[in-house]
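Following: one structure in structure tokens, then a few remarks.
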Number of protein chains: 2
Amino acid sequence: MQTITDNRLKTQLLEKTKFANLFSTDIVPDTELLMFQSGEYIVQNGITPQYLFYLVKGKTKLYDELANGKIALIDFFMAPCFIGEMELFDAGRLPFGVQTINDCYCLALPVKKLKSTLLSDATFLKNICLYLADKNARNIKTASRNQGFTLAQRLAAFILMTNHDNYYQEKHTQVAQYLGVSYRHLLYVIADFVSSGYLTKTEKGYFVALPSALKELGKEAFSE
Amino acid sequence: MQTITDNRLKTQLLEKTKFANLFSTDIVPDTELLMFQSGEYIVQNGITPQYLFYLVKGKTKLYDELANGKIALIDFFMAPCFIGEMELFDAGRLPFGVQTINDCYCLALPVKKLKSTLLSDATFLKNICLYLADKNARNIKTASRNQGFTLAQRLAAFILMTNHDNYYQEKHTQVAQYLGVSYRHLLYVIADFVSSGYLTKTEKGYFVALPSALKELGKEAFSE
DNA sequence: CCTCAAGTATGAGATTTCTCATACATAGTG
DNA sequence: CACTATGTATGAGAAATCTCATACTTGAGG
């Protein structure tokens, strides 16, 4: 982690994201700009963060680490979004880990100083409620999908959702965690898609050769 | 659903749950007392509710219905707790179904009339944030547990958590949904526990004969 | 008393998914 | 350059879980 002192960049990001509009008090003077390199943790599993973060650039993922050493990838967070807001309300809570996927910039508010101000700011609280409700609904959907559909169905939906110009290029290791299956099994199903002609392997990633077939397979997991 | 006009009961419940303390304005005059019979839906899947509910007596369960007809039991709600709060913030959201398990009493606030008041009430918003954060953490834990552990492990933890005086008496159909497995498979694992001597079948339910063995099995799923 | 819905129970066979092992490629690092 | 970590890839066998079928029981309602 690195504090960015370049005020021009900070000002620019503040304006672009309209960060100040999320609050009814003036939090700009207390706002710091932080940078996290790819792979760094913004919030470490089990350690209460000192800041409330607002991710303005970059992509992160939220983990839950289980007692048996397994890791469940719960959700992806893309800018703009809050990070560390759950810990603001319940200091006793042990937070889930949030790791960056690429270089990330965060506007950050020191909790110690601003906690009481934030907790009585209706504008801010309303925004957080909205955000939490949305996150919750997404989590529930993901979880029940993971339970109710086979990997082939979920993967088909996932490929359709994440491909760019008909090329699917996600990292298998990460996807396996997100879809809640073993790496081995994911590869097995991908190989199946290839041998069925749904996907074609190229240097640029997997080419979605039969989107209609994937749509048919994944439509139920997708629509929900 | 049934509106209870017995003001004595309403007053008693209001006092017992300190409902008024959750708000900074006086919502008592607008509060209705509603009763739902066992099995009724407080919120129907996909239909935006007209009230913000506060469950004061009874036990409910939250469902997600998937496109393939399967049902995922996401969470149980026990009094006291809010119901329908997610829809308050995002009217466009399609709510998850909430069904009562036994007879339930709810204090209810009409959304249409009070929405704007509630959304600018910092005390109320703070309470909702706390509640949402907690619910979210619980959902994440449940979901990753369902993914990361076998049914035997989860069931062991579940039995230890839900038994009364060493008797386990939950309905298998419900538990299968909650633990995210087929009824058949649940029965299979229970039969296994019985033949291993962990449980003994009696007229009063299953007797937990070897809690230590269950503890050993479920400790990882439990601790998380 | 009959009937229907819901819960309980068990068998057989198929599918999904996991674990472990092993091999190779690639990128970053001292 | 050698070393290491990470991602990719594939095989073999086992475990977990599912679907479908079938029966019996029990409680609620007509």
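Lettering of chains follows the sequences in order, A, B, ..., and the numbering in each one begins at 1.
- Residue-level contact check: B:Thr150 touches the backbone only, with heavy atoms under 4.0 Å from sugar-phosphate atoms and none from bases.
- A salt bridge between A:Glu220 and A:Arg145 is absent, with no side-chain N of the basic residue lying under 4.0 Å from a carboxylate O of the acidic one.
- Of the candidates C:dT19, D:dT8, C:dG11, the closest approach to any side-chain atom of A:Lys171 belongs to D:dT8.
- Phosphate contact (OP1/OP2 of D:dT17, side-chain N/O of B:Arg154, threshold under 4.0 Å): present.
- If you take CG of B:Leu155 and C1' of D:dA16, they are 14 Å apart, rounded to a whole angstrom.
- Using a 4.0 Å heavy-atom cutoff across all strands shown, A:His185 reaches at least one base atom of the nucleic acid.
- Remark: B:Tyr178 pairs with no residue by the side-chain hydrogen bond (donor to acceptor under 3.5 Å, both in side chains) rule, at least two apart or across chains.
- The listed nucleotides are C:dT19, C:dT8, C:dC18; the one nearest the side chain of B:His172 is C:dT8.
- By the side-chain contact (heavy atoms from CB on, under 4.5 Å) test, B:Glu40 pairs with B:Met1, B:Phe36, B:Gln37, B:Thr100, sequence neighbours left out.
- One atom, CD of B:Glu203, and another, P of D:dT25, lie 17 Å apart when rounded to the nearest Å.
- In this structure, A:Gln147 atom CD and C:dT17 atom C1' are separated by 15 Å, rounded to whole Å.
- The nearest whole Å value for the distance from the OH atom in A:Tyr188 to the P atom in C:dA21 is 21 Å.
- Between the CD1 atom of A:Ile190 and the C1' atom of C:dT16 there is a distance of 16 Å, given to the nearest Å.
- Distance CZ (B:Arg184) to C1' (C:dG11): 7 Å, rounded to an integer number of Å.
- A:Asp134 and B:Arg93 are joined by a salt bridge, as a carboxylate oxygen and a charged side-chain nitrogen come within less than 4.0 angstrom of each other.
- Distance B:Asp192 CG to D:dT17 C1': 13 Å, rounded to the nearest Å.
- Remark: P of D:dC24 and CG of B:Leu187 are 17 Å apart, rounded to the nearest angstrom.
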